[in-house]
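What's counted below: heavy atoms across the whole structure, side chains too, no hydrogens, waters or symmetry copies. Residue indices begin at 1 and follow the sequence shown.
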Amino acid sequence: MHGQAEDSGPGGYAAARLRLLNEKARSGPPRRSALAGLTDEWLAGLFAAGAPGARGVSLVAVGGYGRAELSPRSDLDLLLLHDGSAPETVSALADRLWYPVWDRGLALDHSVRTPAEARKTAGEDLKVQLGLLDARHIAGDLGLTTALRTTVLADWRNQAPKRLPALRELCEERAARHGELQYLLEPDLKEARGGLRDATALRAVAASWLADAPREGLAEARGRLLDVRDALHLTTGRATDRLALQEQDQVAAELGLLDADALLRQVYEAARTIAYAGDVTWREVGRVLRSRSVRPRLRAMMGGGKSAPERSPLAEGVVEQDGEVVLARAARPDRDLVLPLRAAAAAAQAGLPLNLHAVRRMAAGARALPSPWPAEARQQLLTLLGSGRPTVDVWEALEAEGLISLLLPDWDRVRCRPQRNAVHLWTVDRHLIETAVRASAFTRRVSRPDLLLIAALLHDIGKGWPGDHSVAGEVIARDVAARIGFDADDVTVIATLVRHHLLLVETATRRDLDDPATVRSVAEAVGSPGTLELLHALTEADALATGPAAWSSWRASLVADLVKRVAAVLAGQAPPDPEEAAPTAQHERLALEAVATGAPVLSLRAHTEPPAEPSDDPEPLGVELLIAVPDQAGVLPAVAGVLAVHRLTVRTAELRSLDLPDGVDGSVLLLDWRVAAEYGSLPQAARLRADLVRALDGSLDISGRLAERDAAYPRRRGVVAPPPRVTVAPAASRHATVIEVRAQDAPGLLFRIGRALEDTAVRVRSAHVSTLGANAVDVFYVTQEQGVPLPGEEAVAVARKLEEALRV
């Protein structure tokens, strides 16, 4: 007896709890259940010691504790229930219960109520009512607990028509705040859509008897998220539900998984199952509530008779009923191999969801399509992909029941695959569907919309394989396109689009478009005007589907300029040689003024164009900054540093020597740059010029100014950025050596690069700056003093010195 009393005391409980959490052999549901049981025993001991023989009072676990799902750092949700006959005794008992919990450092959510008070609070607060649905007796008067459970459950079922819409609204508000668990790089396992709170909401819907969630895989998905939360609590030692990037490898190791990507993939799979179950369940709740409100009126109008649901034909074997797409009575999924695609295409075209039971019936009878596919199957897939936004939900319904994997086996490698790049909003598979959705808006501007849609669906399919995803994707795309039934020429076009889907945007933002070698290389890769047209549309669809940071009017204008130049080459025109380009009148005017004054001269001119997508205001393409300065050392770092000090972002930068008119002595550098203000307001040209003069004569301490600003805004804790990488692009230009810098974007980065290049005694002819999220890719065309490309070994040495300088 003494041992039992000691085990039930605070010290005994803490030691037993620690042993249990350190027990590697027991994890998952058994550990959560054992932890709940151990806590029950301890609290029951505290209750018995505080109220020996007490009647009319009980201790009740609610919420997650009520479900016996205790993670290592979970709150204890407790209700001290009493009949109101001895309030002083109950108050003393509460102190005997709550203080030991707090002394153990455990989080506690507690309340003391009579059954009437509990019922009233539940009626006013939906979250309290949800917690009470999982009420579980721990100690004391069992009859009191049982009566409360019965009453709360009856109230829930009676009030379901009013409470369930409120619960749905709560779920939608939470999703809007926390995002979708299946796509987030640092997800909240509890609050995000498809997380643990949504799983609890589905349990509440089932308890209402009004509708039920699809149960296949739901318990396993919920259990997986709980397992991840357990591991997160153990590795961090904190009560957290956010799976932060820096903790994912540790959590993966705790769960015996290969790495953080494997962990995220499991989390995403679980979240997708819960989110899909939620979609189906809430749709059913809406249907039931609508039918309940309509039936009494219909019965009154039709003399009490029961009317059959109305069914409208949509396609062969497919009908609409009650706002959903269902199978016709005569449909034979086991014999009609194209039925899943036909039903999906009909649903997407009508903007209606696929009925769960219809999808399951098709999945049960489905078989792989022959290779090549029948023409109807190919057409139905294209109709589905070209249906715009409704495609997403229809595709997810097929995917949830395994039909996509049956149609496209290669899909499994990208399913729920995370993308560790903050620019990307989606997992790989969802990004592919989003790209098809975006591409569907461009089908009127290309001559072969079918090839555009298939390339959109497959362009990143290689991300499930090692190596360059574009190279791997080309191989897979050839195989898939041939299986779908495209002829050899079309297969080649689709494979080319997948292989080069990044070519236009990377070339436009990172290469000198005035260099004939740049345009010719793109023309050789693309091969034909028709493929160029398709690649242009795919580039835009891919960028728009990636996220807001991947596309802008500025990028669109650069890509359009490149496409125009490549189209001219494909039409037989030779690209103009930049060495032969005559300076404009404005260039000559600035150059002559710079020679006359012996100081820099500059001009600022804003450019705007309609945005890539509808918006209230046109998006600025940036400001053209023209600077003419007498030729001297240090111009690039001086200009870049001054712009950084004034918080101007550089988008493109071109530097070249300008030939002056006969009779004018001296040499002038012309800088033609496109810049944008970080915070919307541009500095005055006079201020820029004054600071540039000081930067060139050494009286402006740019490094000190930038360091001072960095110190004023300390960096937030986050993932350590990978080190910078500097490479030489082979055969990229016959006029210059092309050096590519990949680094973490930061204020003053171009200034640091310019200073490092100045130290290597090379001349910078042009710079092309591209930033995606936190990553900067800056490309520099450099020459020797004589204006010729660097020899191979010297180019490599310059790249190595630049990389070393950026690592400091």
Using the rule side chain to side chain contact (heavy atoms under 4.5 Å, CB included), only one of L692, L688, V642 pairs with P600; which is it? L692

From L538, L544, L458, residue fulfilling side chain to side chain contact (heavy atoms under 4.5 Å, CB included) relative to T435: L538

Would you compute the distance between atom [atom1] of [X] and atom [atom2] of [Y] and round it to the nearest 0.5 angstrom?
X    : Y    : atom1 : atom2 : value
L658 : T584 : CG    : OG1   : 8.5 Å
Q419 : L425 : CD    : CG    : 10.0 Å
R807 : L802 : CZ    : CG    : 11.0 Å
L452 : E533 : CG    : CD    : 9.0 Å
L258 : L263 : CG    : CG    : 11.0 Å
L243 : L264 : CG    : CG    : 6.0 Å

Carefully, step by step, assess H431 and H459 under the rule ring-ring contact (aromatic ring centres under 6.0 Å, His included). CA-CA 10 Å; H431 169 69; H459 74 279; 5.1 Å; yes

Whether [X] side chain and [Y] backbone form a donor-acceptor pair below 3.5 Å:
X    : Y    : value
D429 : C416 : yes
R752 : L806 : yes
R265 : R415 : yes
E740 : A729 : no
Q248 : L185 : yes
R709 : V645 : yes
R565 : L513 : yes
Y781 : R511 : no
E758 : G634 : yes
R694 : L700 : no

pair [X]-[Y]: side-chain heavy atoms closer than 4.5 Å:
X    : Y    : answer
T496 : V526 : no
L670 : L655 : no
D261 : R420 : yes
V480 : I461 : no
V559 : E540 : no
V738 : V728 : no
V798 : L757 : yes
I627 : V601 : no

Tell me, with the steps shown, if E794 and Q784 meet side-chain hydrogen bond (donor to acceptor under 3.5 Å, both in side chains). CA-CA 10 Å; E794 185 180 340; Q784 292 180 314; 3.2 Å; yes

Residues H768, F780; criterion ring-ring contact (aromatic ring centres under 6.0 Å, His included); working and verdict: CA-CA 7 Å; H768 304 270; F780 300 88; 8.8 Å; no

Might you point out which heavy atoms bring [X] and [Y] nearest each other, and give the distance in Å?
X    : Y    : value
L706 : G748 : CD1-CA, 3.8 Å
V519 : V569 : CG1-CG2, 3.6 Å
P789 : A736 : CG-N, 3.7 Å
P683 : L604 : O-CD1, 3.9 Å
P418 : V428 : O-CG2, 4.5 Å
A477 : V498 : CB-CG2, 3.7 Å

On the six-membered ring of W465, is R413 placed so that its NZ or CZ lies under 6.0 angstrom from the centre and within 45° of the ring axis?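 Yes.
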
Passes salt bridge (Lys or Arg N to Asp or Glu O under 4.0 Å), R430 versus E434? Steps please. CA-CA 6 Å; R430 176 63 186 273; E434 284 288 328; 2.8 Å; yes

So, are R800 and E804 salt-bridged, with charged N and O less than 4.0 Å apart? no

Derivation and outcome, side chain to side chain contact (heavy atoms under 4.5 Å, CB included), residues D515 and H735: CA-CA 8 Å; D515 191 327; H735 297 290; 3.8 Å; yes

Determine whether more than 12 heavy atoms belonging to other residues, nucleotides or ligands lie under 6.0 Å from atom CZ of R687.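 Counting other residues, nucleotides and ligands, CZ of R687 stays at 12 neighbours or fewer.
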
Is the number of heavy atoms from other residues, nucleotides or ligands under 6.0 Å of R689 CZ greater than 12?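 Count over threshold, so yes.
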
Name all pairs fulfilling the side chain to side chain donor-acceptor pair (under 3.5 Å) condition that reach into residues 466-478, sequence neighbours left out, sorted by first residue then second. D460-H469, H469-H501

Worked check of side chain to side chain contact (heavy atoms under 4.5 Å, CB included) between L671 and L626: CA-CA 6 Å; L671 295 85; L626 283 174; over 6 Å; no

Test log, rule side chain to side chain contact (heavy atoms under 4.5 Å, CB included), inputs L625 and L602: CA-CA 7 Å; L625 171 62; L602 60 84; 4.3 Å; yes

Would you sort out whether V788 and T783 count as a side chain to side chain contact (heavy atoms under 4.5 Å, CB included), showing the intermediate values? CA-CA 5 Å; V788 296; T783 66; 5.8 Å; no

Quick one: list whatever passes side-chain contact (heavy atoms from CB on, under 4.5 Å) with V493, sequence neighbours left out. L451, L497, T531, L534

Any chance the side chains of T727 and R742 put a donor and an acceptor closer than 3.5 Å?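 Side-chain D/A pair, T727 to R742: absent.
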
